[in-house]
Number of protein chains: 2
Amino acid sequence: MRRMTARPANAHQARLLRLLRDGGPRSRAELGDRVDLSRSKLAVEVDRLLETGLVVADGLAASRGGRRSHNIRLAPGLRFLGVDIGATSIDVAVTNPELEILGHLNQPMDVREGPVAVFDQVLAMVAKLRDSGVAEGFDGAGIGVPGPVRFPEGVPVAPPIMPGWDGFPVREALSQELGCPVMVDNDVNLMAMGEMQAGVARSVRDFFCVKIGTGIGCGIVAGGEVHRGTTGSAGDIGHIQVEPDGRQCACGNRGCLEAYFGGAALARDAEEAAREGRSAELARLLEENGRLSAADVSTAASAGDGTCLDLIRDGGARVGQVIAGLVSFFNPGLVVIGGGVTGLGHTLLASIRTQVYRQSLPLATGNLPIVLGELGQVAGVTGAARLTSDHLFSPA
Amino acid sequence: MRRMTARPANAHQARLLRLLRDGGPRSRAELGDRVDLSRSKLAVEVDRLLETGLVVADGLAASRGGRRSHNIRLAPGLRFLGVDIGATSIDVAVTNPELEILGHLNQPMDVREGPVAVFDQVLAMVAKLRDSGVAEGFDGAGIGVPGPVRFPEGVPVAPPIMPGWDGFPVREALSQELGCPVMVDNDVNLMAMGEMQAGVARSVRDFFCVKIGTGIGCGIVAGGEVHRGTTGSAGDIGHIQVEPDGRQCACGNRGCLEAYFGGAALARDAEEAAREGRSAELARLLEENGRLSAADVSTAASAGDGTCLDLIRDGGARVGQVIAGLVSFFNPGLVVIGGGVTGLGHTLLASIRTQVYRQSLPLATGNLPIVLGELGQVAGVTGAARLTSDHLFSPA
DNA sequence: CCGGCTTTGTCCACTCACGGGAAGAAGTCG
DNA sequence: CGACTTCTTCCCGTGAGTGGACAAAGCCGG
């Protein structure tokens with residue numbers, strides 16, 4: 001099953017490949033308009049790409065007033081695999097060379113079951129996608145895990161919520177199984193890359209992406225590049241203190257953001273509210289399922305449950321408080337909110353916005369959009385595919 | 001007085017110039033070891049640099065076992081000017097091409113007197129340095145101002161503590177007066193560049209630099225590059241909230257960091273303590289001078305005054321609280337503390353460290369040095385010179 | 001349908017950057 | 001003083017890249 005996908009031989013070829021990826025098929029002439037190369041040079045490079053099979057000719061382009069040009073597109077058989085391992089579920093998707101999703105699967109699974117069980121699941125899902133006919137083999141794969149990663153080696157380091165994964169050679173193992181190059185990164189970084197590729201953050205060079213799921217993390221993009229930090233733990237904002245001497249947090253400290261908001265905290269608060277009789281709706285749902293989740297809060301809130309709306313507003317204010325600080329520090333051009341709890345939608349967003357606009361200085365917030373991510377569940381896998389293709393479409 | 005300093009013609013020449021700047025004079029052979037160029041190519045580029053006068057031959061190098069090599073150094077007549085405008089004082093310095101300081105002046109001055117008055121002062125100081133013989137003209141100048149700057153244009157934008165400077169064409173005006181290219185940046189960014197050039201942050205690629213002076217700011221370096229943010233206000237951490245519904249701050253919000261710590265807050269707290277009779281030492285100093293400053297607190301603290309030590313410890317804890325959050329977010333490899341109040345020294349540092357190490361996650365703090373800046377008062381001007389030479393030593 | 005005009009693709013000769021060999025200059029060391 | 005090493009210069013071969021010329025292909029008006 002091993003594929004040896006060719007790699008561009010130089011920066012020019014890499015540039016051309018990325019243009020074709022992000023802008024779709026184009027004529028040679030249009031490519032020429034975009035890159036600063038002489039016509040002869042361009043012809044040579046395109047010919048070489050055609051030879052290696054990375055791009056193919058694809059019919060004639062529309063005329064621009066003279067002789068018609070031949071269209072060039074990325075080899076349509078190229079396939080990228082994106083895997084997004086969340087705390088409680090796994091997403092797997094296959095994309096074409098333009099990073100459009102051809103097939104997508106989602107399956108609940110607790111990451112704490114450990115790398116072996118998770119890998120089995122991932123491989124089963126990959127097999128299923130393969131059987132559905134969208135791909136035979138892969139030219140590259142990207143995988144996101146919910147914890148810090150030593151990026152160059154592709155190995156998780158000291159991940160708090162995924163015991164058993166510390167030091168597990170994710171890249172190595174997956175590359176072995178799939179027979180293609182594999183990139184490993186933190187799931188929030190991939191979400192940020194996804195939104196940069198196909199979502200709200202297209203053409204934004206400095207932004208961050210707050211993912212509120214079971215935990216809370218943040219992908220940082222500075223100058224168009226993902227900032228991973230010295231040990232790969234940049235963006236780990238779930239344990240920033242929001243309340244001195246506040247609630248006990250699982251990490252051992254007190255008053256962490258995650259002790260007040262995020263899927264886990266929200267579920268706990270909801271159960272408490274249900275038991276204390278503060279919300280009939282929640283009590284009913286608790287009775288029904290035996291336990292409550294963030295989704296239940298979302299449901300009840302849309303049904304107009306006041307207690308739930310308060311929970312969301314309070315949580316949004318906490319997150320907003322943290323984001324306000326980070327906005328002052330980083331001065332981004334955009335803030336994206338994503339992750340599982342985006343079901344909470346505009347109530348949450350409004351609450352976050354209020355807090356940020358009130359607390360940060362006008363110069364930093366003056367023209368700062370705070371928006372929900374566009375890609376939802378596929379942000380991570382899209383980002384994974386982007387990371388992979390960025391790597392493959394760079395000089396060998 | 002106008003000088004037309006030559007610029008490197010290509011990236012190779014720029015590389016060589018920076019090597020000579022940061023590593024001092026070297027032989028052609030040593031240069032060859034550092035850059036990936038053939039002997040012939042290197043010889044050609046060095047010859048061209050010699051022709052333009054940017055570098056000069058300078059005697060013979062020590063033998064490495066064979067024929068002795070000719071030393072090459074940057075033209076010793078090159079002069080960079082660094083200007084650091086603080087809230088309450090101005091620093092001006094002249095450096096040689098290796099960015100070593102040849103002459104340095106400091107003068108108290110309130111930035112609120114406006115750009116015209118400040119410029120007069122700066123030009124007077126420059127003239128004084130010129131008269132002292134360290135320079136005749138300048139090949140480039142860098143200037144730091146205590147507020148956000150639109151970097152490409154070299155213009156301050158909406159600076160809270162320097163009314164009258166908004167939109168003042170600093171680059172334009174200074175360039176006119178000095179007859180050389182001028183770069184303008186935020187003072188904390190320059191401090192960070194200074195520490196990166198000649199201080200504790202040499203060879204660190206991701207760090208930030210917290211400057212505690214009258215206000216509190218933070219220079220951010222990501223991937224070896226200063227991060228300025230979308231509107232140039234990145235690092236403006238003085239108004240991050242540390243206490244919900246806390247003290248009223250001059251910015252209109254409540255509970256800002258600067259309402260609790262920094263030169264202004266410290267002076268106010270000290271005067272209050274003196275009036276309330278909590279510190280005999282402070283009361284004496286207040287009587288003597290009519291008012292108190294951060295420096296007085298420092299003096300009293302070294303004399304063992306308990307109230308002052310408490311003030312410093314409390315302030316350090318507040319700053320530490322903010323830094324802890326930023327460390328989680330950014331995961332730097334180093335945190336540098338600088339600015340006027342570093343006179344408070346190790347009491348402050350200890351307090352900050354305690355807070356950060358306690359509050360941030362082990363992975364981010366495990367190997368995170370938190371240190372005082374090495375350069376003190378010359379950090380800003382050194383950074384200004386560095387910024388300028390970076391610009392001059394890049395392809396035209 | 002034909003001939004001018006535009007755009008695109010191919011070819012070719014010229015230039016120039018670059019690398020590496022050779023030889024000479026300048027030192028070291030025994 | 002001679003063998004060896006290191007550094008510098010000279011020179012030529014290679015190959016990449018550019019720009020112009022020309023051919024091919026299409027549009028459009030007559």
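Proteins come first, then strands; the chains are lettered A, B, ... in the order of their sequence lines, and each starts at number 1. Values below: every heavy atom of this structure, side chains too, minus hydrogens, waters and symmetry copies.
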TODO: With DNA chain D as reference, determine whether A:R68 or A:K41 sits nearer its 5' end, using the nearest nucleotide of each.
DONE: A:K41

Open item on the list: Can you give me the first and the last nucleotide of DNA chain D (5' to 3') that has an atom within less than 4.0 angstrom of a non-hydrogen atom in chain A?
Closed with: D:dG17 to D:dC27

Open item on the list: Whether the A:T95 and A:R79 side chains hold a donor-acceptor pair (N or O, under 3.5 Å, no angle test) is what I'd like checked.
Closed with: no

Task: Atom of A:D206, atom of A:G223 and distance for their closest heavy-atom approach - done: OD1-N, 2.8 Å

Task: Partners passing salt bridge (Lys or Arg N to Asp or Glu O under 4.0 Å) against A:R26 (at least two apart in sequence or in another chain) - done: none

Task: Distance in angstrom units between A:R39 CZ and C:dT7 P, rounded - done: 11 Å

Open item on the list: Rounded to whole Å, how long is the line connecting atom CG of B:L42 with atom C1' of C:dG19?
Closed with: 13 Å

Task: Cationic N near anionic O, under 4.0 Å, B:D33 to B:R28 - done: no

- [ ] Check every strand shown and say whether A:S40 touches a base, only sugar-phosphate, or nothing at a heavy-atom separation below 4.0 Å.
- [x] base

TODO: Return the set of residues passing side chain to side chain donor-acceptor pair (under 3.5 Å) with B:R228 (not counting sequence neighbours), or none when no residue passes.
DONE: B:D185

Task: DNA chain C-proximal residues of residues 15-38 of chain B, any heavy atom under 4.0 Å - done: B:S38

Task: Atom CG of B:N367 with >12 non-hydrogen neighbours under 6.0 angstrom - done: no

Task: Which residues share a salt bridge (Lys or Arg N to Asp or Glu O under 4.0 Å) with B:E45, sequence neighbours left out - done: B:K41, B:R48

Open item on the list: So for A:R67 and C:dT7, does any side-chain atom that can act as donor or acceptor lie under 3.5 Å from a complementary atom in the base?
Closed with: no

Task: Rounded interatomic separation in angstrom, taking CG from A:N71 and P from C:dG9 - done: 10 Å

- [ ] To the nearest Å, give me how far apart CD (B:E45) and C1' (C:dC16) are.
- [x] 13 Å

Task: Residues which pass side chain to side chain donor-acceptor pair (under 3.5 Å) with B:Q197, listed by chain and number, not counting sequence neighbours - done: B:D22, B:R386

TODO: Write down the distance between CG (B:D47) and C1' (C:dA17), rounded to a whole number of angstrom.
DONE: 15 Å

Task: Name of the residue among B:L16, B:L20, B:T388, B:L74 meeting side chain to side chain contact (heavy atoms under 4.5 Å, CB included) with B:F393 - done: B:L74

